[in-house]
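Data first, discussion second: the structure below is written as structure tokens.
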Amino acid sequence: MNSDKAGSRPGAYAYYVVALLTLAYMLSFLDRILISLVVDPIRQEFGVGDAAIGLLVGFGFVLLYSIMGLPFGKLADRGNRRNLIVFGIIGWSLATMACGLAGSFAMLAIARALVGIGEATLSPAAYSTIADRFPAASRGFAISLYSLGVTLGGGLAMVFGGQLVEWTSGVSLSLPFGIEVGEWRLAFLAVGFLGFPLALLLLATMREAGRQVPAIQPADGSKASEDGGFDILFAWMRQHRRAFITILSGYSVLIIATYMPMLWAPAHFARLHGMSPSEIGSHFGLMIGGLGSAGLILGGLWSDRLARRGHIDAPVRIVILSILMQLATMVAAYLVTDRSLALLLLAAGMLAVSLIGGLQAATLQAMVPPLLRGRVSAVYLLFANLAGMGIGPLLVGLFSEHVFAGPNSLGLSLASLSGTSLVVALAILLAGRRSVAATMRATS
């Protein structure tokens with residue numbers, strides 16, 4: 001077998017592990033955003049408004065997902081990362097199936113929260129094990145490959161979910177104990193089942209990577225405990241506070257805009273442009289799965305090339321460029337009334353969004369010693385997901401329901417919030433980019 005160590009050239013097995021983790025990430029995103037295709041059927045069945053849906057797709061998932069990422073991040077730094085991921089896959093798959101069995105909006109919200117707990121195991125462990133298998137000069141590409149799970153999983157959710165919603169229209173499945181499940185609920189049962197064979201595959205073929213654990217010396221000269229909790233991470237972050245404030249705040253605000261196309265744009269195109277679930281699935285699946293995946297690979301390769309040329313802050317540079325591209329495309333995509341032009345602008349915006357998919361994590365991994373990679377990932381995901389999948393979807397629903405009016409109230413909400421978050425993120429990253437580069441140099 002080829003070596004898995006980060007100090008050597010990654011071999012075939014290291015890329016096989018990335019492929020397994022990408023499959024897991026795909027499945028997690030399939031489970032996570034399938035709900036965006038059935039927003040209106042859920043609203044109609046349970047009699048709720050956009051604000052309640054914003055809570056369901058946002059805080060209902062992300063609150064426990066973000067909080068539980070902290071203990072899971074610590075476990076990723078100290079325990080067996082493969083077993084942690086397998087445990088999470090089984091948990092979120094069962095919870096996804098429970099979404100399809102929910103008899104009330106409250107039960108659906110509880111099941112959605114349990115999906116979040118299960119999925120919180122994956123990324124801290126995945127980022128940590130990838131970083132231990134790849135040197136810094138090829139880590140951006142490797143993490144971008146893992147991040148393909150977002151685009152491929154999102155694209156699969158759109159295509160498969162859109163078709164499934166239409167195929168199951170009027171269809172009912174009889175389960176034991178007299179339970180009848182039909183229409184949108186069947187989609188949750190189907191995608192939840194997919195997790196079990198993947199969990200078995202990881203358990204059978206993925207082995208734990210060797211850890212690189214250099215000493216971490218606090219600024220005050222005291223001896224750091226390698227087995228400490230989050231204190232050792234927070235001490236490191238205090239030493240480089242401006243850089244971490246820049247990344248945690250800038251990237252978190254940015255995430256508000258980048259999640260909108262997957263969580264709310266399908267409902268917008270259904271309402272304003274009259275697109276059916278299968279039409280939305282086909283168009284969005286191509287954009288997210290095709291253009292999104294191409295953008296991820298391009299962003300990772302581009303970042304690694306800049307890094308080899310001596311630009312240690314390469315990931316941040318590409319993120320800034322992506323923000324400028326999104327400002328030129330995404331806001332307009334939510335406002336134009338011509339369907340073809342709106343789809344074209346959204347496609348260009350999705351390409352820009354996907355450039356940064358693997359670079360946010362790559363930035364954080366380069367800012368801390370290897371001992372802290374799982375924990376810093378968990379802290380970042382806490383901030384980013386509370387903003388992008390918590391605050392963002394809720395604000396969109398509230399603005400659509402209470403601030404804007406008319407047939408494009410949702411589009412106006414998406415455009416205003418997306419544009420604001422992009423501008424704020426750009427200002428933060430431009431102001432703090434040099435401090436981020438300095439921290440990366442101190443860590444390398």
Side-chain angles (χ1 to χ4, degrees), residues 24 26-65 67-68 85-122 153-154 156-200 262-263 266-267 277-278 280-281 389-390 393 397:
M26 283 177 60
L27 182 62
S28 76
F29 246 77
L30 177 60
D31 292 357
R32 187 181 310 180
I33 71 167
L34 179 64
I35 198 168
S36 67
L37 282 169
V38 292
V39 163
D40 286 335
I42 290 174
R43 287 174 67 240
Q44 294 164 9
E45 179 170 338
F46 295 118
V48 297
D50 280 346
I53 293 295
L55 282 172
L56 181 68
V57 302
F59 274 114
F61 169 86
V62 80
L63 184 60
L64 289 178
Y65 173 80
I67 293 172
M68 292 304 297
I85 292 170
V86 169
F87 168 79
I89 292 173
I90 294 172
W92 86 58
S93 298
L94 289 170
T96 300
M97 298 179 77
C99 288
L101 301 174
S104 66
F105 189 79
M107 293 302 297
L108 179 59
I110 292 172
R112 178 87 172 152
L114 292 175
V115 173
I117 293 175
E119 292 188 9
T121 62
L122 178 58
L156 181 61
M158 294 298 175
V159 175
F160 174 68
Q163 293 292 335
L164 194 58
V165 169
E166 291 202 356
W167 289 340
T168 56
S169 178
V171 176
S172 180
L173 178 66
S174 296
L175 299 178
F177 307 107
I179 299 174
E180 295 287 329
V181 179
E183 300 191 352
W184 61 269
R185 298 172 179 276
L186 290 176
F188 285 97
L189 292 177
V191 300
F193 177 78
L194 296 176
F196 301 106
L198 180 59
L200 289 175
M262 285 187 283
L263 295 178
S278 61
I280 292 172
M389 292 193 69

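Excluded from the calculations below are hydrogen atoms, water molecules and symmetry mates; all remaining heavy atoms, backbone and side chain alike, are included.
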| With side chains defined as the heavy atoms from C-beta onward, is the minimum distance between Phe29 and Glu119 less than 4.5 Å? | no
| query | Considering all heavy atoms of both residues, which atom of Ile89 and which atom of Gly195 are nearest to each other, and what is their separation? | reply | CG2-O, 3.3 Å
| Residues forming a side chain to side chain donor-acceptor pair (under 3.5 Å) with Thr121, sequence neighbours excluded | none
| note | Closest non-hydrogen atoms of Cys99 and Val115, given as atom of the first, atom of the second and distance, are SG-CG2, 4.3 Å
| task | Kindly state each residue pair satisfying salt bridge (Lys or Arg N to Asp or Glu O under 4.0 Å) with at least one member in residues 45-59, sequence neighbours excluded. | result | Arg43-Asp50, Glu45-Arg185, Asp50-Arg271
| request: Show the numbers, then the answer: is there a side chain to side chain contact (heavy atoms under 4.5 Å, CB included) between Ile35 and Phe61? | output: CA-CA 11 Å; Ile35 198 168; Phe61 169 86; over 6 Å; no
Using distance only, find each side-chain donor-acceptor pair of residues 105-114 under 3.5 Å and give its atom names and separation, not counting sequence neighbours.
residue : atom : partner : partner atom : Å
Arg112  : NE   : Leu56   : O            : 3.3
Arg112  : NH1  : Arg32   : O            : 2.7
Arg112  : NH2  : Arg32   : O            : 3.0
Arg112  : NH2  : Val57   : O            : 3.3

| remark: The complete set of salt bridge (Lys or Arg N to Asp or Glu O under 4.0 Å) pairs with one or both residues in residues 88-110, sequence neighbours excluded, reads none
| Among all residues two or more places apart in sequence or in another chain, which pass the side chain to side chain contact (heavy atoms under 4.5 Å, CB included) test with Leu194? | Leu27, Leu30
| Would a 4.5 Å heavy-atom cut-off, applied to side chains only, mark Ile117 and Tyr65 as touching? | no
| Gap between atom CD1 of Ile90 and atom CG of Leu198 - 0.5 Å precision | 10.0 Å
| note | Applied to residues 93-103, the side chain to side chain donor-acceptor pair (under 3.5 Å) test, sequence neighbours excluded, yields Asp31-Thr96
| With a cut-off of 6.0 Å (strictly less than), are more than 12 heavy atoms of other residues, nucleotides or ligands near CZ of Phe87? | no
| request: Can you run down the salt bridge (Lys or Arg N to Asp or Glu O under 4.0 Å) pairs that involve residues 90-104, sequence neighbours left out, and say none if there aren't any? | output: none
| remark: Nearest heavy-atom contact between Gly100 and Phe188 is N-CB, 3.7 Å
| said: Which residues pass the side chain to side chain contact (heavy atoms under 4.5 Å, CB included) test with Met97, not counting sequence neighbours? | reply: Leu189, Phe196
